[in-house]
Amino acid sequence: MSDSLNTPDAPQPAATPGEPTPHAPGEASEHTPGLSVRHTRSKGEPRFPDGPKPDPAGSHFERRIRSFQPRRSRVTAGQADALQRLWPKWGLDIDGRGGIDLGELFGNDHPVVLEIGFGMGEATAQMAAADLGTNILAVDVHTPGQGNLLNLADQNGLPNVRVGNGDAIILLREMLAPDSLDGLRVYFPDPWPKKRHHKRRLIQPEFLSLAATRLKPGAIVHCATDWEPYAEQMLEVLTAHPDFENTQADGGFAPRPDYRPLTRFEGQGLDKGHVVNDLLFRRVQR
C-alpha cells in the first residue's frame, strides 16, 4: 500500500543483482543480507531477467493520466533474490494481452480479493496469514515492495498471495472476467493533495464503474486513508455511485476492521494526531 503518512523517498539509482563488486577487506559485499544490491548493467540488460518487467503493458494501450508514480528505490539482496527466484511462480506481469483465470493462477477456487497498492507488503502478508482461505492478488509498481512481499510470502508459507506488476486499471479492464472478484482493497493510496492533481486520484466515478463490473454482488470495497480531504471525496463518490452502498447505517466512515492491520507508518501518524478513515461499501445488484 502506498503510505501517505510519510514523504516518498528521493529517487535512488537503480539497483540490480549481478556480479559482485570489489570491496575492501572487512567491507560488506553486495550479497550481505539487508544491504542494497548495486551493479552496472550493460545497455538493454534487464534488471531482473526472471523477474517483473519494467513496463509490462508497454505502449499497447492509450496514454492517460495515471494515479500512481513508480519509485525506483534500492533493492536489497533478499528482495532481489525473491524477485529472481519466486516471480516465475507467484508473479504476474500486467501486460493486458490476455485474460487470466484466477482459479488457475492460485490453484484453487477460493475467493479472491484484489489489493491495489501494498507498499512493502507487511500488512498484506499479515492479512494473508490470518485468512488462508482467501486469495489476495496484490498489485503495485514498487519493485522493492514486490520483492519484499514475495519474500514474506515465502518465509511465512503463504500460498494465497500473488503479486501483480503494473497498472491495476489495465488488469481490471483487460484481464479479469466479470464478477470474478470477491473484494477490493485500496489502503492509503497517494492522496495527490494539490488541487491540480486531484484528477490523478484513484477513487473516481469512472474507476468505480469499472471495478463494479469485476466485483461479485455483495463484494466489499474497503478504502482507507489518512488524508481527510481525500477521505471526504471517497465518501462522496462512493455514496453517489449506484453500484455501491455504504455498510454503515449512518452513511459515514467505518471503524477499522480487525482484519486490516495497524501498520507501523499508520501508528506513527496516529501518534502525531493524524486521523485515519476507513470506508466499507458493498457492491449491489442493480
Side-chain angles (χ1 to χ4, degrees), residues 1-12 65-74 113-131 136 138-142 144-146 148-149 152 168 183-205 207-208 211 220-241 244 246-282:
M1 81 190 60
S2 59
D3 201 316
S4 55
L5 296 170
N6 284 3
T7 302
D9 296 332
Q12 300 289 341
I65 296 170
R66 300 297 173 93
S67 63
F68 59 88
Q69 185 170 355
R71 290 184 293 122
R72 301 301 180 208
S73 50
R74 294 175 180 174
V113 171
L114 173 64
E115 181 177 357
I116 300 177
F118 56 80
M120 295 305 291
E122 292 97 339
T124 305
Q126 289 182 54
M127 290 186 288
D131 184 7
I136 301 177
V139 176
D140 210 309
V141 294
H142 188 219
Q146 294 167 351
N148 200 58
L149 179 53
L152 290 170
L184 172 64
R185 296 169 181 169
V186 184
Y187 298 153
F188 303 98
D190 194 324
W192 296 103
K194 295 181 180 178
K195 187 174 182 179
R196 68 177 184 270
H197 291 156
H198 285 183
K199 59 191 174 185
R200 295 182 176 273
R201 289 176 172 176
L202 179 64
I203 305 302
Q204 308 275 8
F207 169 77
L208 293 175
I220 295 295
V221 173
H222 183 190
C223 303
T225 180
D226 66 305
W227 192 259
E228 290 187 81
Y230 194 11
E232 294 290 346
Q233 179 192 327
M234 288 181 178
L235 182 60
E236 179 182 347
V237 171
L238 279 159
T239 299
H241 202 286
F244 297 96
N246 200 332
T247 62
Q248 304 304 298
D250 63 0
F253 298 109
R256 178 178 65 86
D258 291 338
Y259 66 78
R260 183 176 76 75
L262 184 68
T263 68
R264 174 168 52 93
F265 296 121
E266 184 180 354
Q268 291 172 355
L270 291 171
D271 290 342
K272 296 174 183 176
H274 293 202
V275 175
V276 176
N277 287 298
D278 285 72
L279 301 95
L280 290 167
F281 277 72
R282 182 180 296 107

Any side-chain heavy atom of Leu279 sitting closer than 4.5 Å to one from Phe253?
yes
Which pair of non-hydrogen atoms, one from Cys223 and one from Leu238, has the smallest distance, and what is that distance?
SG-CD1, 4.5 Å
Rounded distance [0.5 Å steps], CD in Glu115 versus OG1 in Thr124:
3.5 Å
Could you grab the distance from atom CD of Gln146 to atom CG of Asp140, nearest 0.5 Å is fine?
6.5 Å
Output all residues satisfying side-chain hydrogen bond (donor to acceptor under 3.5 Å, both in side chains) with His222, sequence neighbours left out; order by chain, then residue number.
Tyr187, Tyr259, Asp278
For Ala168 versus Ile116, what's the shortest heavy-atom pair and its separation?
CB-CD1, 3.7 Å
With rounding to the nearest 0.5 angstrom, report the CD to CG distance, Glu232 to Asn277.
7.0 Å
May I have the step-by-step check of side chain to side chain contact (heavy atoms under 4.5 Å, CB included) for Met120 and His142, ending in yes or no?
CA-CA 8 Å; Met120 295 305 291; His142 188 219; 3.8 Å; yes
Beyond-backbone contact of Val221 with His241, side-chain heavy atoms, under 4.5 angstrom:
no
Between the CD1 atom in Ile203 and the CG atom in Leu235, the distance rounded to the nearest 0.5 Å is 12.0 Å
From Phe244 CZ over to Ile220 CD1, what is the distance, rounded to the nearest 0.5 angstrom?
10.0 Å
Show the nearest heavy-atom pair for residues Asp226 and Val276, with the distance to one decimal.
CB-CG2, 4.0 Å
With Phe207 via ring pair (Phe, Tyr, Trp, His ring centres under 6.0 Å) - residues at least two apart
none
Determine, step by step, whether Thr263 and Glu122 satisfy the side chain to side chain contact (heavy atoms under 4.5 Å, CB included) criterion, reporting the C-alpha distance in whole Å, the side-chain angles of both residues, the deciding distance to 0.1 Å, and the verdict.
CA-CA 8 Å; Thr263 68; Glu122 292 97 339; over 6 Å; no
Contacts of Arg256 that satisfy salt bridge (Lys or Arg N to Asp or Glu O under 4.0 Å) - sequence neighbours left out
none
Hey, what do you get for NZ (Lys272) to CD (Gln268), rounding to the nearest 0.5 Å?
6.0 Å
Where Leu280 and Pro257 come nearest, the two heavy atoms and their spacing:
CD1-CG, 3.8 Å
Which residues share a side chain to side chain contact (heavy atoms under 4.5 Å, CB included) with Gln248, sequence neighbours left out:
Asn246, Asp250, Ala254, Pro255
For Ala128, which residues count as a side chain to side chain contact (heavy atoms under 4.5 Å, CB included) partner, sequence neighbours excluded?
Ile136, Leu158, Asn160, Val161
For Gln233, check side-chain hydrogen bond (donor to acceptor under 3.5 Å, both in side chains) against everything at least two apart and list the hits.
Arg201
Heavy-atom side-chain contact between Pro261 and Met127 under 4.5 Å:
yes
For Leu208, which of Leu202, Val237, Leu184 qualifies under side-chain contact (heavy atoms from CB on, under 4.5 Å)?
Val237
Heavy-atom side-chain contact between Pro189 and Tyr230 under 4.5 Å:
yes
